[in-house]
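None of the values given here were measured: they were computed from a predicted structure. Note: hydrogens, waters and symmetry copies are ignored here, and every other heavy atom, side chains too, is used. Along the sequence shown, the residues carry numbers beginning at 1.
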Amino acid sequence: MVAKALVPSVKTRIKMCGFTNAADAMNAVALGVDAIGLVFYAPSPRAVSIAQARAIAQAVGPFVTVVGLLVDASTSQVNEILEHVSLHVLQFHGDETAAFCKQFHRPWIKALRMKPGMDLLQTASAFKEANALLLDSYKVGTPGGTGETFDWETIPGNLSLPIVLAGGLNADNVQDAIMQVHPYAVDVSGGVESESGIKDAQKMRDFVEAVKRSS
């Protein structure tokens with residue numbers, strides 16, 4: 001049985017990820033989204049340049065959390081991004097160690113892909129200094145954005161960090177996900193798109209409304 005995350009929350013936060021233009025990001029903000037994600041991983045169809053990211057981060061205003069998604073980037077690459085883009089949180093999706101993640105003096109999230117048979121408690125213990133754990137679906141060769149859900153019952157109830165639930169969420173299943181997992185936040189990308197990197201205004205609205213009905 002999945003138990004509530006240990007960090008109390010008056011509502012389930014919403015993070016939408018994979019924005020490639022300011023207009024979509026501003027639409028999300030207008031709907032009340034708490035955080036937007038920018039992908040700094042070149043193989044992703046949602047990848048943004050530093051210039052794109054800077055424009056989006058500036059457009060959303062000061063009270064929206066801007067998250068940078070990274071996959072096994074070098075220290076110099078991360079520092080270059082931080083020099084030019086106002087990121088509030090870093091989200092690491094690769095094989096980064098805790099020591100690597102915390103060196104940038106930003107709040108950080110460690111993404112863990114829920115590979116069948118993984119001991120999540122043991123894996124999570126290596127990242128106890130993270131601000132949250134993002135739990136995503138496992139797919140070989142794909143560090144995120146799979147569009148697939150995983151078995152939420154595999155999440156242990158005694159994780160000591162807030163849970164950001166990702167992996168195949170959309171307006172049709174996010175209520176069930178929240179009722180079952182009680183995460184600190186939900187994270188959606190493909191579930192609110194018309195095509196990779198392009199958000200659909202109605203899908204974003206439907207997703208936000210579904211989350212609000214569950215909180």
Side-chain angles (χ1 to χ4, degrees), residues 1-17 33-39 41 64-73 75 78 82 87-139 142-146 148-169 173-189 191 211-212 214-215:
M1 181 65 68
V2 176
K4 289 186 178 182
L6 297 184
V7 174
S9 172
V10 296
K11 68 170 186 175
T12 304
R13 272 72 172 177
I14 301 172
K15 173 176 173 282
M16 289 187 179
C17 195
V33 168
D34 300 283
I36 65 162
L38 304 175
V39 178
Y41 179 58
V64 176
T65 300
V66 181
V67 183
L69 187 155
L70 302 141
V71 184
D72 294 322
T75 298
V78 178
L82 292 175
L87 298 178
H88 304 111
V89 178
L90 299 177
Q91 181 176 311
F92 296 98
H93 273 254
D95 295 322
E96 303 91 354
T97 64
F100 180 90
C101 295
K102 68 182 183 180
Q103 69 177 303
F104 303 103
H105 306 293
R106 290 284 197 290
W108 57 279
I109 297 168
K110 187 66 181 79
L112 300 176
R113 297 187 293 156
M114 298 295 288
K115 186 176 182 179
M118 182 179 75
D119 185 335
L120 181 57
L121 286 174
Q122 181 178 3
T123 304
S125 67
F127 301 101
K128 58 187 177 182
E129 295 177 84
N131 292 84
L133 297 175
L134 184 144
L135 305 183
D136 202 353
S137 301
Y138 176 82
K139 187 175 183 179
T142 305
T146 64
E148 300 173 2
T149 60
F150 62 92
D151 184 0
W152 301 321
E153 288 289 342
T154 61
I155 303 173
N158 53 344
L159 284 172
S160 60
L161 291 171
I163 294 171
V164 180
L165 184 64
L169 297 179
N173 63 17
V174 71
Q175 287 182 277
D176 288 340
I178 291 170
M179 294 299 292
Q180 190 171 142
V181 180
H182 301 282
Y184 173 80
V186 289
D187 189 351
V188 64
S189 185
V211 174
K212 288 180 177 179
S214 304
S215 300

Inset, instruction - Over all heavy atoms of both residues, which pair between Val186 and Pro183 is shortest? Give the atoms and the distance, please. - result: CG1-CG, 3.9 Å
Inset, instruction - Using a 4.5 Å cut-off on heavy atoms from C-beta on, say whether the side chain of Leu135 contacts that of Trp152. - result: no
Legend entry - Backbone of Pro116 reached by a side-chain donor or acceptor of Asp151 within 3.5 Å: no
Inset, instruction - Answer yes or no: is there a donor N or O on one side and an acceptor on the other, between the side chain of Glu96 and the main chain of Asp72, under 3.5 Å? - result: yes
Legend entry - Spacing of CD belonging to Glu148 relative to CG belonging to Leu169, to within rounding of 0.5 Å: 12.5 Å
Legend entry - Residues, nucleotides or ligands: over 12 heavy atoms within 6.0 Å of Asp119 CG: yes
Inset, instruction - Hey, can you tell me if Phe92 and Phe104 have their rings parallel, tilted or perpendicular (30° and 60° cut-offs)? - result: parallel
Legend entry - OG1 on Thr154 to NZ on Lys115, rounded to 0.5 Å: 14.5 Å
Inset, instruction - To the nearest 0.5 angstrom, please state how far the CG atom of Leu87 sits from the CZ atom of Arg106. - result: 7.0 Å
Legend entry - Donor-acceptor contact below 3.5 Å, side chain Asn131 vs main chain Trp108: yes
Inset, instruction - Using atom types as modelled and distance alone, determine if a side-chain donor or acceptor of Ser189 lies under 3.5 Å from a backbone N or O of Cys17. - result: yes
Inset, instruction - Nearest 0.5 Å please: distance from the CG atom of Asp187 over to the CD1 atom of Ile109. - result: 8.0 Å
Legend entry - Shortest non-hydrogen contact between Val71 and Tyr41, atoms and distance: CB-CD1, 3.4 Å
Inset, instruction - Going by the side chain to side chain contact (heavy atoms under 4.5 Å, CB included) test, name the single residue among Asp136, Thr12, Ile155, Leu134 that passes it with Leu165. - result: Ile155
Legend entry - Min side-chain heavy-atom separation Val33-Val64 under 4.5 Å: no
Legend entry - Taking every non-hydrogen atom, the tightest pair across Gly168 and Thr149: O-CG2, 3.6 Å
Legend entry - Minimal non-hydrogen separation, Ala73 against Phe100, with atom names: O-CZ, 3.1 Å
Inset, instruction - Taking all heavy atoms of Met179 and all of His182, pick out the closest pair and write down the distance. - result: O-NE2, 3.0 Å
Legend entry - Val188 and Val174, any side-chain heavy atoms less than 4.5 Å apart: no
Legend entry - Over all atoms of both residues, closest heavy-atom pair of Ser137 and Gly167: OG-CA, 3.7 Å
Inset, instruction - Mind running side chain to side chain contact (heavy atoms under 4.5 Å, CB included) on Leu133 and Val164 for me, showing each step along the way? - result: CA-CA 6 Å; Leu133 297 175; Val164 180; over 6 Å; no
Inset, instruction - Look at the side chain of Lys110 and the backbone N and O of Gly94, then say whether any donor-acceptor pair between them is shorter than 3.5 Å. - result: yes
Legend entry - Partner of Val89 by side chain to side chain contact (heavy atoms under 4.5 Å, CB included), out of Thr65, Leu69, Val66: Thr65
Inset, instruction - May I ask you to decide if Ile178's main-chain N or O and Ser214's side chain share a donor-acceptor pair within less than 3.5 Å? - result: no
Legend entry - Contact check, side chains of Asp34 and Lys11, non-hydrogen atoms, under 4.5 Å: yes
Inset, instruction - Inspect the surroundings of CE in Met118 and state if more than 12 heavy atoms from other residues, nucleotides or ligands are less than 6.0 Å away. - result: yes
Inset, instruction - Start with the C-alpha distance between His93 and Arg113, add both sets of side-chain angles, then the distance that settles side chain to side chain contact (heavy atoms under 4.5 Å, CB included), and finish with yes or no. - result: CA-CA 8 Å; His93 273 254; Arg113 297 187 293 156; 5.7 Å; no
Legend entry - Straight-line distance of Leu38 CG to Gln91 CD, nearest 0.5 Å: 10.5 Å
